[in-house]
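Quick caveat: nothing in here was measured; it's all calculated off a predicted structure.
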Amino acid sequence: MNVLIISAYPPDPAPEANHALHISECLAQSGHTVHVVCRKGSIAGTMPNIMVHSTIDEWTWSSLPTLVRELKECQPDVVFLVYIGWIYNHHPMITFLPSICKSALPGVPVITQFEAIDDDPLTRSIPSRIPRKVAALWAGAKDSHWLFGTLLRDSARIIALSGPHRDRLSRQLPGVAEKITLLPPPPLIRFCPDPPEEARQRARRAIGATADDFVLVYWGYIYPGKGIETLLEAFRMVSTRIPNMRLVLVGGCLDIPTRSNECKRYYNMVRKLPETFGIAGMVTWTGSFSWDSEEGSLFLRGSDACVLPFDYGVTLNNSSLAAATTHGVPVIATEIPNGRDEALEHGRNIYLCRPKDPDTLAEAIELVSSSHDFRDLLPAGSTRLAHEWYAADTFGDRLVSILAATRGSTRVRSGGTDRPIGRDPEDVPDRKTIPEITSPSLTPAATSSRQPTNDTPPVPLVSVIVAAYNVEGY
């Protein structure tokens, strides 16, 4: 299969760039040809069958001719869009990709993967709104979405990264739910190749932790909403009662273009809190690490528990959760304000507490660190969660099956006959080789209440085949 991915790509610091990298490598390892269209300055392909086309200056209308040229030159069987508004600077051009693809490559399906269901933070000027209005009229303004353009309407398949994301997308457009498939992201890191015990000792030496210390790790970017202030306040409470506690914050500031000053202010604010709380000697900040670094994996190997204190709660889409569980680390996290992610079972594969509540987070840390039952139960549950959703073979099999099913369900006219797109007509079995299915109860008399008479033409027997959508390739 020839797959074209459109996304940010390393060394872009956006998590979505790493997600696209891992998707491309997963498909390449499965034997597929992968093209990646991304901004200028991106890395080259990391495998022989990954071709990176870093030809886009900015994701604006001025880059549309370049994008169309790449679509036509790559001739993909499937186009795969990794979408979150901010990596495209919230420009509407990319939200019309499925309609653009319909025009440039008729019959080629587009799969849109929503990394998050964000709201548009920008108030667009009148000159910038005019091209969007024109594009909406061209694509059929009636069904285009005010924020997502034709991504929901015209994508052949939509990938959501968690149950809550799926539910929010389903409410955006009537009938879109049947196109949504759940596929959480894999861990977006390079794994440390050292034996686990050796890596554990090396990581603990790096932060000055002894064998008796209980090491908590926060893993991921630091920006508003990550709850770092809640974590540091909770850690201050715990450390007064349990002196052998250590905290490692793995990750640096994420510079989101539309929130750059806000992100930097938040990062600088939380960096000062350990001094204010008198816990600076127990807290280590590793800073950012590059996309090809094993440092993030190393510190997970050296930890005793991972804490994800997000203000908005943790769900399957959080790559930090994927990273921790694939290392078998027990996870303490916050629950989402409304509803729940059905895959996360409190007390079995994760320990959940209220967001923005240092007291309950401190209680959770104390309980997990001191209870032998939780010390045994949560790592096993964490490993089980990783196997069910995040393991490389699990993710790879699901991804390939989604692409194959989407490709197989899109048909084009070729030589006067219908055939699945991208499939050689020689692969389709001859009609003569398909066994005839008969049933004694399905006679013409049984299937029609209207019998032919001399005055009416005969009623033909009609066979109806119903394909179960979104189950598997057909």
Identify the heavy atoms of [X] and [Y] that sit nearest to each other, and give their distance.
X      : Y      : value
Ser63  : Ile56  : OG-CG2, 3.9 Å
Ile222 : Gly251 : CD1-O, 3.6 Å
Lys179 : Arg153 : NZ-O, 2.9 Å
Ile94  : Leu151 : O-CD2, 3.8 Å
Gly296 : Val250 : CA-CG1, 4.1 Å
Leu105 : Pro76  : CD1-CD, 3.6 Å

### Task
Anything under 30° is parallel, anything over 60° is perpendicular, the rest tilted; go ahead and classify Phe96 against Trp61.
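Ring orientation of Phe96 relative to Trp61: tilted.
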### Message
Does the plane of the ring in Tyr83 sit parallel, tilted or perpendicular to the ring in Tyr88? Use 30° and 60° as the thresholds.
### Response
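Correct class here is parallel.
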Inspect the surroundings of [atom1] in [X] and state if more than 12 heavy atoms from other residues, nucleotides or ligands are less than 6.0 Å away.
X      : atom1 : result
Asp393 : CG    : yes
Arg69  : CZ    : yes
His387 : NE2   : no

Would you compute the distance between atom [atom1] of [X] and atom [atom2] of [Y] and round it to the nearest 0.5 angstrom?
X      : Y      : atom1 : atom2 : result
Asn349 : Leu377 : CG    : CG    : 9.0 Å
Arg168 : Ile180 : CZ    : CD1   : 12.0 Å
Thr95  : Ile100 : OG1   : CD1   : 8.0 Å
Ile6   : Cys101 : CD1   : SG    : 7.5 Å
Ile117 : Ile84  : CD1   : CD1   : 8.5 Å
Leu27  : His22  : CG    : NE2   : 13.0 Å

Side-chain ([X]) to main-chain ([Y]) donor-acceptor, under 3.5 angstrom:
X      : Y      : value
His346 : Leu352 : yes
Asn2   : Gln75  : yes
Thr406 : Ile402 : yes
Thr383 : Pro379 : yes
Glu73  : Glu70  : no
Asp341 : Leu316 : yes
Thr326 : Ala386 : no

### Query
Could you give all pairs that pass the salt bridge (Lys or Arg N to Asp or Glu O under 4.0 Å) test and reach residues 2-28, with sequence neighbours left out?
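Qualifying pairs: Glu25-Arg190.
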Considering only heavy atoms from C-beta outward, does the side chain of [X] approach that of [Y] to under 4.5 Å?
X      : Y      : value
Thr181 : Ile111 : no
His19  : Leu161 : yes
Tyr218 : Lys226 : yes
His165 : Phe114 : no
Leu97  : Leu67  : yes
Pro355 : Phe310 : no
Val217 : Leu300 : yes
Ser155 : Pro98  : yes

### Message
Just to verify, which of Leu21, Val52, Asp292 counts as forming a side-chain contact (heavy atoms from CB on, under 4.5 Å) with Pro10?
### Response
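Answer to the side-chain contact (heavy atoms from CB on, under 4.5 Å) test with Pro10 among Leu21, Val52, Asp292: Leu21.
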### Query
Taking it one step at a time, do Leu81 and Val79 satisfy side chain to side chain contact (heavy atoms under 4.5 Å, CB included)?
CA-CA 7 Å; Leu81 172 66; Val79 176; 5.5 Å; no
### Task
Check the pair Ser303, Trp219 against side chain to side chain contact (heavy atoms under 4.5 Å, CB included), reporting the backbone distance first and the verdict last.
CA-CA 11 Å; Ser303 68; Trp219 198 98; over 6 Å; no
Side chains of [X] and [Y]: do they bring a donor and an acceptor to under 3.5 Å?
X      : Y      : answer
Thr55  : Thr66  : no
Ser297 : His327 : yes
Ser320 : Asn318 : no

### Message
One pair to check against side chain to side chain contact (heavy atoms under 4.5 Å, CB included): Asp57 and Lys40. What are the steps and the verdict?
### Response
CA-CA 6 Å; Asp57 286 310; Lys40 292 179 178 178; 2.9 Å; yes
### Query
side chain to side chain contact (heavy atoms under 4.5 Å, CB included) between Leu399 and Phe80: does it pass, once the steps are laid out?
CA-CA 11 Å; Leu399 175 62; Phe80 192 103; 3.9 Å; yes
### Query
Would Glu342 and Arg166 pass as an ion pair if we require N to O under 4.0 Å?
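Salt bridge present between Glu342 and Arg166.
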